[in-house]
Visitor: 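Pasting in a structure now, in structure tokens, and then I'll have a few things to ask.
Reminder, nothing fancy here: chain letters follow the sequence lines and each chain counts from 1.
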Amino acid sequence: MEKRVRVRFAPSPTGGLHMGGVRTALFNYLFAKRHGGDFILRIEDTDQTRFVEGAEEYIVNALKWCGISPNEGVGFGDGPHKPYRQSERKELGIYKKYADKLIASGHAYYAFDSNEELEEMRKRMEAAKVVAPQYNNVTRQNMRNSLTLPEDEVKRLLDANTPHVIRLKVPRNEEIRFEDIIRGWVIVNSNQIDDKVLLKSDGMPTYHLAHIVDDIEMQISHAVRGEEWLPSAPAHVLIYRYLGLEAEMPKLAHLPLILNPDGNGKISKREARFPVFPLSWKDPREAEPFIGYKESGYYPEAFVNILALLGWNPGDNKEIMSLTEMASLFDFDRVNKAGAKFDPDKAKWFNQQYLRMQSDESLASEFKLVLESKGIKRDNEFILQFCKLVKEKVQFTKEFWNEGVYVFEAPVSFDEKVMTKKWNPTNKELFTKVYQRFKNLDIWTAVVLHDDFTVAQTELGKIDMQMLRVIISGVAGGPQLFDLLALIGKEETIKRMDHFLQTH
RNA sequence: GGCCCGUUCGUCUAGGGGUCAGGACACGUCCCUUUCACGGAUGAAACACGGGUUCGAUUCCCGUACGGGCUACCA
């Protein structure tokens, strides 16, 4: 019988969760939903030196904003496998138990080497022209561990609480193979793998041990993570094997990385000219916060949609999809192997698509907030009409402002090109007459204005619409002119014309 | 350096032994609109290279090149 699908997102709280991490969480979530399984959030805080204040809370908030909430785990209500924080699980002694089991079966050993001794070994190896020195089946023979030290000496050191780690005893020249769901068979010779530390001298497990123990204990069916874990996967297979748990080992899926748009490599928060965090992230060690997608004006649905299509596609040409839709379509056989460069332009386009799907009312209430932040108060109907007029010109709500400042504030400058080309005494005379006609209009709607304008042209000759637009708005382009005039209102329109004619 | 993973338009990608190699973003042109945008139409734009296998390879295999990842008592 197939195992129930249980997947986990297991970040370490060493900083803000960036978009790559969110994408990993997203694929886990989609896979779980697709198969009616569970999605778990586990916090891998086994490195106390890298702990960052606020990071865990950030991870939880970011997932919530994205709408990809786990149904079990830290910040989302405990489940049957609590606790979900590895530092707390360590207190339960579960990692030690598994490490001891490996010691007992001879697949792990104690190592007493100090940092200095490790450093010396590396230097020696480098002197011998070894580029990447490893603690492995060859070098361990010259180090201080339970494989080289006499038994009673080991016992004495242990009894004296000498600082030590537990290392995995990786066999010599063995072929290790495993099948990755995305990449197929991967084969590595064990000589390439170092004797990984399983339990650190502070008693904490390393990632290698901890995630395996937890995946087993939490009955995880699929371990879905970034490609950066691929090189250590063979070591993980060995650990499962030596624990006698190879049959229960989760299936592995290594996701392609999200790459920088220009140049190459993983996205870096420092160089990027686009947000890399879902929400603004203020690192306690940094002076300036990193602005997030949320604060940049992205809809969470758009953000998540963009991320999903970085490395996955539904097989047809569909691009705009809700989380539910994606979840019904998702599978690993449609996940790419190659890394994907992030395209900030396309991200904006995605947001534009979602903006258009919003109702005018909801856009208006969003934009009302922007106006209020600028100290401008208008009634809801006015804002609604304004939004209707300019919505198809913007990709973000905040752009409503730039797109139509002149609706709220009379222009102080006038498009130079249009002015030099079109403003002349003849036009001044003409627009003075237009001004008079406008003044005498009793009803001020787009339709009436349009009709009156048609009549006016038969009497006065051709009237340049763009010139009128510049007089009213200062800029050369914008929404339908009569709609615009109707929105601005008679009083304000003639006031602006009057002022313009006086000063030009 | 070693090991692992990868390589279709500039970017995200579809496809997969015989296709005019399809779509999307961005870009160009035209239409619509007395403007801008939206929309519509259209254009330019790709199978990294070299060997096999095959009647036929972009597709399968092997090399090469290039890119990425890993190479900690970090995850």
Side-chain angles (χ1 to χ4, degrees), chain A residues 10-15 44-50 86 111 113-115 118 122 129-135 163-167 180 182-184 186-189 191-194 196-208 210-211 225-234 254 256-257 259-266 306 309-320 334 336-350 352 356 389-394 403 415 418 453 457 462-470 473 475-481 484:
Chain A
S12 56
T14 53
E44 311 224 321
D45 55 349
T46 52
D47 187 352
Q48 295 163 326
T49 63
R50 292 210 310 159
Q86 289 182 331
D113 316 277
S114 66
N115 285 333
L118 253 18
R122 286 192 193 105
K129 296 207 173 82
V130 176
V131 182
Q134 282 187 327
Y135 202 118
H164 64 275
V165 301
I166 293 179
R167 283 182 184 270
D180 184 282
I182 296 170
R183 287 150 210 284
V186 177
I187 303 154
V188 182
N189 188 290
N191 289 348
Q192 302 301 329
I193 304 166
D194 64 337
K196 296 211 179 304
V197 171
L198 265 19
L199 213 61
K200 301 188 260 189
S201 54
D202 63 0
M204 278 284 190
T206 58
Y207 168 82
H208 304 294
H211 93 273
R225 72 239 289 201
E227 192 185 350
E228 70 268 25
W229 291 108
L230 202 46
S232 54
H254 289 94
L257 267 16
L259 273 14
N260 229 18
D262 37 57
N264 279 307
K266 288 198 283 190
I306 299 156
L309 291 180
L310 251 25
W312 172 79
N313 73 82
D316 50 24
N317 288 327
K318 198 159 172 53
E319 292 197 291
I320 304 297
R334 299 211 66 90
N336 286 319
K337 296 180 180 73
K341 285 184 193 170
F342 177 68
D343 181 354
D345 280 333
K346 189 145 187 183
K348 290 176 188 161
W349 176 81
F350 267 101
Q352 184 176 23
R356 287 197 199 156
L389 233 44
V390 289
K391 75 181 275 193
E392 77 273 12
K393 306 170 108 61
V394 301
E403 217 38 66
D415 188 277
V418 176
F453 213 77
Q457 295 212 77
K462 186 173 159 49
I463 303 166
D464 193 299
M465 299 272 282
Q466 195 179 36
M467 192 58 238
L468 178 58
R469 177 186 294 282
V470 169
S473 73
V475 296
Q480 286 293 326
L481 187 53
L484 183 65

Visitor: Given that both distances must come in under 3.5 Å, which nucleotide forms a Watson-Crick or G-U wobble pair with B/A14?
Guide: none
Visitor: So what does A/P256 touch, heavy atoms closer than 4.0 Å: a base, only the sugar-phosphate, or nothing?
Guide: nothing
Visitor: Of the options B/C25, B/U35, B/G69, whose atoms approach the side-chain atoms of A/D345 most closely?
Guide: B/C25
Visitor: Mark yes or no for whether A/S201, through its side chain, and A/P163, through its backbone, hold a donor-acceptor pair below 3.5 Å.
Guide: no
Visitor: Heavy atoms under 4.0 Å, any strand shown: does A/L310 hit a base, just sugar-phosphate, or nothing?
Guide: sugar-phosphate
Visitor: To the side chain of A/A340, which of B/G68, B/G15, B/U13 is closest?
Guide: B/U13
Visitor: If you count every heavy atom of other residues, nucleotides or ligands that lies below 6.0 Å from A/K348 atom NZ, does the total exceed 12?
Guide: no
Visitor: Could you check which nucleotide pairs with B/A65 in any of the strands shown, counting Watson-Crick or G-U wobble with both distances under 3.5 Å?
Guide: B/U7
Visitor: Counting any heavy atom closer than 4.0 Å, what does A/G311 reach on the DNA or RNA strands: base, sugar-phosphate only, or nothing?
Guide: sugar-phosphate
Visitor: Tell me the partner of B/U53, counting only Watson-Crick (N1-N3 plus N6-O4 or O6-N4) or G-U wobble (N1-O2 and O6-N3) with both under 3.5 Å; none if nothing fits.
Guide: none
Visitor: Hey, what do you get for OG1 (A/T49) to NZ (A/K200), rounding to the nearest 0.5 Å?
Guide: 7.0 Å
Visitor: Pick base, sugar-phosphate or nothing for A/K462, based on heavy-atom distances below 4.0 Å to the nucleic acid.
Guide: base
Visitor: About how many Å separate NZ of A/K266 and CD of A/E228, when rounded to the nearest 0.5 Å?
Guide: 5.0 Å
Visitor: Starting at NE2 of A/H254 and ending at C1' of B/G68, how long is that distance when rounded to a whole Å?
Guide: 15 Å
Visitor: What is the distance from atom CG of A/L198 to atom NZ of A/K196, rounded to the nearest 0.5 Å?
Guide: 10.0 Å
Visitor: Below the 4.0 Å mark, does B/A14 have OP1 or OP2 next to a side-chain nitrogen or oxygen of A/N313?
Guide: yes
Visitor: With a 4.0 Å cut-off on heavy atoms, is A/R225 in touch with a base, just the backbone sugar-phosphate, or nothing at all?
Guide: nothing
Visitor: Pick base, sugar-phosphate or nothing for A/V131, based on heavy-atom distances below 4.0 Å to the nucleic acid.
Guide: base
Visitor: Quote, to the nearest angstrom, the C1' distance that separates B/A26 from B/C12.
Guide: 11 Å
Visitor: If the sugar-phosphate is the primed atoms plus P, OP1 and OP2 and the base is the rest, what is the B/S/- string for nucleotides 45-50 of chain B, using protein heavy atoms under 4.0 Å?
Guide: ------
Visitor: Has the side chain of A/K346 got a donor or acceptor that lies under 3.5 Å from a partner of the other kind on the base of B/A24?
Guide: yes
Visitor: Using a heavy-atom cut-off of 4.0 Å across all strands, would you classify A/S201 as base, sugar-phosphate, or nothing?
Guide: base
Visitor: Let me know the distance between NZ of A/K337 and C1' of B/G67, rounded to the nearest Å.
Guide: 17 Å
Visitor: Does the structure show a Watson-Crick or G-U wobble partner for B/G1, both distances under 3.5 Å? Name it, or say none.
Guide: B/U71
Visitor: Is B/A37 paired to anything, Watson-Crick or G-U wobble with both distances less than 3.5 Å, and if yes, which nucleotide?
Guide: none
Visitor: Counting side-chain heavy atoms from CB outward, which of B/G23, B/C73, B/G10 is closest to A/E319?
Guide: B/G23
Visitor: Compare the minimum distances between each of B/C25, B/A75, B/C4 and the side chain of A/L230, then state the nucleotide with the smallest one.
Guide: B/C4
Visitor: Return the value, rounded to whole Å, for the distance between atom NZ of A/K341 and atom C1' of B/C25.
Guide: 15 Å
Visitor: Looking at B/U13, B/U71, B/G6, which one has an atom nearest to any side-chain atom of A/A338?
Guide: B/G6
Visitor: Does the side chain of A/R50 get closer than 4.0 angstrom to OP1 or OP2 of B/A72 through an N or O atom?
Guide: no
Visitor: Look at all strands and tell whether A/Q480 reaches a base, only sugar-phosphate, or nothing, counting heavy atoms closer than 4.0 Å.
Guide: base
Visitor: Respond yes when some side-chain nitrogen or oxygen of A/K200 is under 4.0 Å from OP1 or OP2 of B/C74, and no when none is.
Guide: yes
Visitor: May I ask you to decide if A/N191's main-chain N or O and A/N189's side chain share a donor-acceptor pair within less than 3.5 Å?
Guide: yes
Visitor: State which of B/C73, B/G39, B/A37 makes the closest approach to the side chain of A/R356.
Guide: B/G39
Visitor: Over how many whole Å does the gap from A/E227 atom CD to B/A75 atom C1' extend?
Guide: 16 Å
Visitor: Which nucleotide, in any strand shown, forms a Watson-Crick or G-U wobble pair with B/U58, with both distances under 3.5 Å?
Guide: none
Visitor: Just call it for A/N336: base, sugar-phosphate, or nothing, with non-hydrogen atoms closer than 4.0 Å on any strand.
Guide: sugar-phosphate
Visitor: I need the CG-P distance between A/L259 and B/C12, as an integer number of Å.
Guide: 8 Å
Visitor: Measure CG/A/D180 against C1'/B/G6 and give the value in whole Å, please.
Guide: 13 Å
Visitor: Taking ring pair (Phe, Tyr, Trp, His ring centres under 6.0 Å) as the test, write out the residues that go with A/H208, two or more places apart.
Guide: A/H236
Visitor: A/D47 has a side chain; which of B/C74, B/G2, B/A14 sits nearest to it?
Guide: B/C74
Visitor: Between B/C38, B/C73, B/C3, which nucleotide has the shortest distance from any of its atoms to the side chain of A/Q352?
Guide: B/C38
Visitor: Using a strict cut-off of less than 4.0 Å between a Lys/Arg side-chain nitrogen and an Asp/Glu carboxylate oxygen, indicate whether A/R50 and A/D47 qualify as a salt bridge.
Guide: yes
Visitor: Contact class for A/V390 vs. all strands (heavy atom < 4.0 Å): base, sugar-phosphate, or nothing?
Guide: nothing
Visitor: Output the single nucleotide from B/C38, B/U35, B/U71 whose closest atom is nearest the side chain of A/Q466.
Guide: B/U35
Visitor: So, A/D45 side chain and A/Q86 main chain: donor-acceptor pair closer than 3.5 Å or not?
Guide: yes
Visitor: Between A/R334 and A/N313, is there a donor-acceptor pair closer than 3.5 Å when you use the side chain of the first and the backbone of the second?
Guide: yes
Visitor: B/G2 C1' sits how many Å from A/N191 CG, rounded?
Guide: 12 Å
Visitor: Within the 4.0 Å heavy-atom criterion, would you say A/R183 contacts the bases, only the backbone, or no part of the nucleic acid?
Guide: sugar-phosphate
Visitor: For B/C20, which nucleotide is its Watson-Crick or G-U wobble mate, given both distances must be under 3.5 Å?
Guide: none
Visitor: Determine the Euclidean distance between corresponding P atoms of B/A57 and B/G50; express it in Å to zero decimal places.
Guide: 13 Å
Visitor: Expressed in angstrom and rounded to an integer, what is the separation of A/N317 atom CG from B/A24 atom P?
Guide: 7 Å
Visitor: If you measure from CD1 on A/I463 to CG on A/L468, what distance do you get to the nearest 0.5 Å?
Guide: 8.0 Å
Visitor: Just to be sure I understand the rule, does A/D113 reach a base, reach only the sugar-phosphate, or reach nothing, if contact means heavy atoms closer than 4.0 Å?
Guide: base
Visitor: Report which part of the nucleic acid A/T46 touches: base, sugar-phosphate, or nothing (heavy-atom distance under 4.0 Å, all strands).
Guide: sugar-phosphate
Visitor: For A/W229, enumerate each residue passing the ring pair (Phe, Tyr, Trp, His ring centres under 6.0 Å) test, keeping only those at least two apart in sequence or located in another chain.
Guide: A/Y207
Visitor: In terms of side-chain heavy atoms of A/P231, which of B/G69, B/A75, B/A14 is nearest?
Guide: B/G69
